Amino acid sequence: MNIIDLFDKNKIKQKNDGNYQTECPCCGLQGGRTEGFILFTDTNTAYCHSSHKNFNFLETYALKKKIINCLDGRDSGEKNSNLKGDLFKQTLDSFREEYGEKLYNEILEQMNIKEPIELPNNGILISTFAKKIANKIKKENILFYRPDTMDIVEIGKIKHANGNIEYTGFIPVEPCRFITIIERYFKPWQKIYTKQGEKIINKSTSFNVAKIVLASDEFRESMPVINRIFTIPIPIIYENKLTFPKKGYDERFNSWLPYNAPEIKNPNMSIEEAKKIIQYIYSEFCYQSKTDFTHAVASLITPFLRGLYKRFTCRTPLFVIIANRERAGKDYHEGIRSIVYEGVALEEPPISNNDNKSNQNDELRKKILANMMCGRKKIHFSNNKGMINNAVFESILTAEYYADRKLGSNTILQFPNEIEYSISGNVGIGLTADLMNRARKIVLFLDIENANARTFKNPNLHDWVKNNRSLILSCLYAFVRNWFEKGMPSGTQPFTSYPEWARVCGGIMECAGYDSPCLPDKESLGIACDSETEEMKQLYELCYQKYPETPITKQEIKNIIQNEKDGPFSYIDWDKKTDQTKFGIKINKYIGRILSDIKMNVENINVRSSRMKYIFTKQKQDFDKKQIFGDDFDENLATLGNVGNDISVVADIYNIYN
């Protein structure tokens, strides 16, 4: 196959010297007034007169398939190619898929890509065989040695029908898989002896030989060491400078960054613009207070900061998203963070689901171990119910390393704990004291009756976030750059459980003009979720009808219920102390809620529950957006979908960043 076979015959023309001109697949330079993109048929190479770079056959094919750019070619006389590692594998896989197995093997032969290698036996030691394979494969950065699992691994990926590639984490290389990897770079052969004499035949590596090579010190010690997968380019303080990991393998950090990872779109973005974009993202969530918005920003920026800590393993708080009722948007809120860092909104089943099987330590241990083995960096446990009381979960939040037994063996594996954790649930979930002291809460409070009646300025926020990951990363980098340029001041507020996070995240947010995320988290009032909404709705209407805008006691509410035929809560036995207590708890859960356009408040929240007086009023809540987002809140930026009240007409920032 010749290099001109890669191009449309109608788009190339022959030159006087016998070579051909065509359009560069990357920069578009073509023949005519300029020299354009030249194809040399005798050497199966190409040259771009725009980039002044040279390309061999496979590099030209990779250029045509947009796997590399024309600036990635070779300088004159340069032997080393940028087409290596995953880019090389992607090129070979694409060529095989497009042209078939026969041409694929022919090209490998023509380019001497497959090096002949004699299999062990007949005087060839397995250690010698392993060293020869290792010397070739280690340069390609496709296989790595992972010390924590003591495995040879590769970076798993899935190619979708649209051509997009999704990277799925670490995958241990099994012997069967290793046999085919060997044959991508080598042509294994073996001597056999027949009646006619010695004969050389092509033969695949056996399963046992592949297994021994993978386990051998000669092979493992030659492979590049890998410890972590980055899903996005995070800033890292390296040699007292801010830098980013390279795409592919980066030996400085023993890391892997996917080639299709989003980039920092605007590294010079101003703090003012960054804050406006962050405000736009969160402006339609129903935060109960300014503290909740502060914690939301902290949750978004926290995974971006791991390269700024003294150690990659420094622990960070648990972010707990709590809603006072269903459909308030708690998991949709967390989905934003997942999309920014992982490209999709990922959720795990709850730790606690309020049944006898919840909070099982063994199940959670297996789940955490599996996620660490594949290199996950973020886990969100959604829709929890009941009391979350799990010793494994409590310990993992502060442990910088995690050790456990590998399933099916007696091997103990130890992993650096670089995972960010979050959970969600409606009010009614309980947290132990240990969890509460390791958490930052984000409370969503929705007070309207029909949650599905809300309208939003940007109803497809997740799609917008997915399409603007690079823009959002630019915002986060603007915060980090601003902090770094100001001398990296520490946060002013301590957080004993997470001092390094308080120093870095607190310092960055305060430098950007936000409140510290480490301020004491006061217990939120009036946040609840219960299934007796219809009964409470009836009670609201009755109480407002009898005592509009008037403080009344629990006894007076009890009298209203008892005097109403077929009224709400008719099943309560008021002579039983336990029923009276349950009713008191139930009614207090609805403090601050609006049902049937009636809001229930208390006259004085600081008195004992038995002495509280309740006020049922038709007056709607006057929600001040500046109370949440600060005095510089831009009313023209977005609406706040929290209360579901009248939504004003505002400027559409959606189009600005699309």
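Since the structure is predicted, the reported quantities are computational estimates derived from the model, not experimental observations. In this chain, residues are counted from 1 in sequence order.
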Looking just at side-chain N and O atoms, do [X] and [Y] make a donor-acceptor pair shorter than 3.5 Å?
{"X": "Tyr280", "Y": "Asn458", "answer": "yes"}
{"X": "Tyr402", "Y": "Asp404", "answer": "yes"}
{"X": "Glu334", "Y": "Ser422", "answer": "yes"}
{"X": "Lys554", "Y": "Ser609", "answer": "yes"}
{"X": "Thr316", "Y": "Glu420", "answer": "yes"}
{"X": "Lys377", "Y": "Thr231", "answer": "no"}
{"X": "Asn426", "Y": "Lys385", "answer": "no"}

Shortest non-hydrogen contact from [X] toward [Y]:
{"X": "Ser299", "Y": "Pro303", "result": "O-CD, 3.3 Å"}
{"X": "Met600", "Y": "Ile587", "result": "CE-O, 3.2 Å"}
{"X": "Ile339", "Y": "Ala345", "result": "CG1-N, 3.7 Å"}
{"X": "Ala399", "Y": "Asn417", "result": "O-ND2, 2.8 Å"}
{"X": "Pro233", "Y": "Leu257", "result": "N-CD1, 3.9 Å"}

For [X], is the [atom1] atom crowded, meaning more than 12 foreign heavy atoms sit under 6.0 Å from it?
{"X": "Gln493", "atom1": "CD", "result": "yes"}
{"X": "Arg252", "atom1": "CZ", "result": "yes"}
{"X": "Lys613", "atom1": "NZ", "result": "no"}

Between [Y] and [X], is the closest basic N to carboxylate O distance under 4.0 Å?
{"X": "Asp362", "Y": "Arg365", "result": "yes"}
{"X": "Lys457", "Y": "Glu284", "result": "no"}
{"X": "Glu500", "Y": "Arg503", "result": "yes"}
{"X": "Arg146", "Y": "Asp151", "result": "no"}

Once you round to the nearest 0.5 Å, how far does [atom1] of [X] lie from [atom2] of [Y]?
{"X": "Asn383", "Y": "Ser424", "atom1": "CG", "atom2": "OG", "answer": "5.0 Å"}
{"X": "Met150", "Y": "Leu413", "atom1": "CE", "atom2": "CG", "answer": "6.0 Å"}
{"X": "Arg337", "Y": "Ile472", "atom1": "CZ", "atom2": "CD1", "answer": "13.5 Å"}

Is any side-chain heavy atom of [X] closer than 4.5 Å to a side-chain heavy atom of [Y]?
{"X": "Val225", "Y": "Pro147", "answer": "yes"}
{"X": "Pro267", "Y": "Ser474", "answer": "no"}
{"X": "Arg306", "Y": "Phe230", "answer": "no"}
{"X": "Asp250", "Y": "Trp256", "answer": "no"}
{"X": "Ile557", "Y": "Leu539", "answer": "yes"}
{"X": "Ile508", "Y": "Phe484", "answer": "no"}

Using salt bridge (charged side-chain N to carboxylate O under 4.0 Å, His left out) as the criterion, point out the one residue from Arg315, Arg311, Lys310 that pairs with Glu400.
->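 Only one of Arg315, Arg311, Lys310 forms a salt bridge (charged side-chain N to carboxylate O under 4.0 Å, His left out) with Glu400, namely Arg311.
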
Take the angle between the ring planes of [X] and [Y] and call it parallel below 30°, perpendicular above 60°, tilted in between.
{"X": "Phe304", "Y": "Tyr341", "value": "tilted"}
{"X": "Phe495", "Y": "Tyr498", "value": "perpendicular"}
{"X": "Phe312", "Y": "Phe253", "value": "perpendicular"}

Pair up each side-chain donor or acceptor in residues 512-519 with any protein partner under 3.5 Å, not counting sequence neighbours, and list the distances.
{"unit_1": "Ser516", "atom_1": "OG", "unit_2": "Cys518", "atom_2": "N", "d": "3.1"}

Residues forming a side chain to side chain contact (heavy atoms under 4.5 Å, CB included) with Leu346, sequence neighbours excluded |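 Checked Leu346 against side chain to side chain contact (heavy atoms under 4.5 Å, CB included); matches are Glu342, Val344, Arg376.
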
With Leu435 via side chain to side chain contact (heavy atoms under 4.5 Å, CB included) - residues at least two apart =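 Result, side chain to side chain contact (heavy atoms under 4.5 Å, CB included) vs Leu435: Leu318, Ile388, Phe393, Glu394, Leu397, Leu431, Thr432.
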
Hey, which of Phe293, Phe319, Tyr282 is the one that makes ring-ring contact (aromatic ring centres under 6.0 Å, His included) with His333?
->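 Running ring-ring contact (aromatic ring centres under 6.0 Å, His included) over Phe293, Phe319, Tyr282 with His333 returns exactly one hit, Tyr282.
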
Phe445 ring center within less than 6.0 Å of Tyr287 ring center |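 When the ring centroids of Tyr287 and Phe445 are compared, they turn out to be at least 6.0 Å apart.
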
Examine Tyr540 together with Phe616 and report whether their ring centres are nearer than 6.0 Å.
->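 That pair passes the under 6.0 Å test.
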
Going through the distances and angles, do Glu418 and Arg228 end up as a salt bridge (Lys or Arg N to Asp or Glu O under 4.0 Å)?
-> CA-CA 9 Å; Glu418 300 176 14; Arg228 58 185 58 88; 2.9 Å; yes

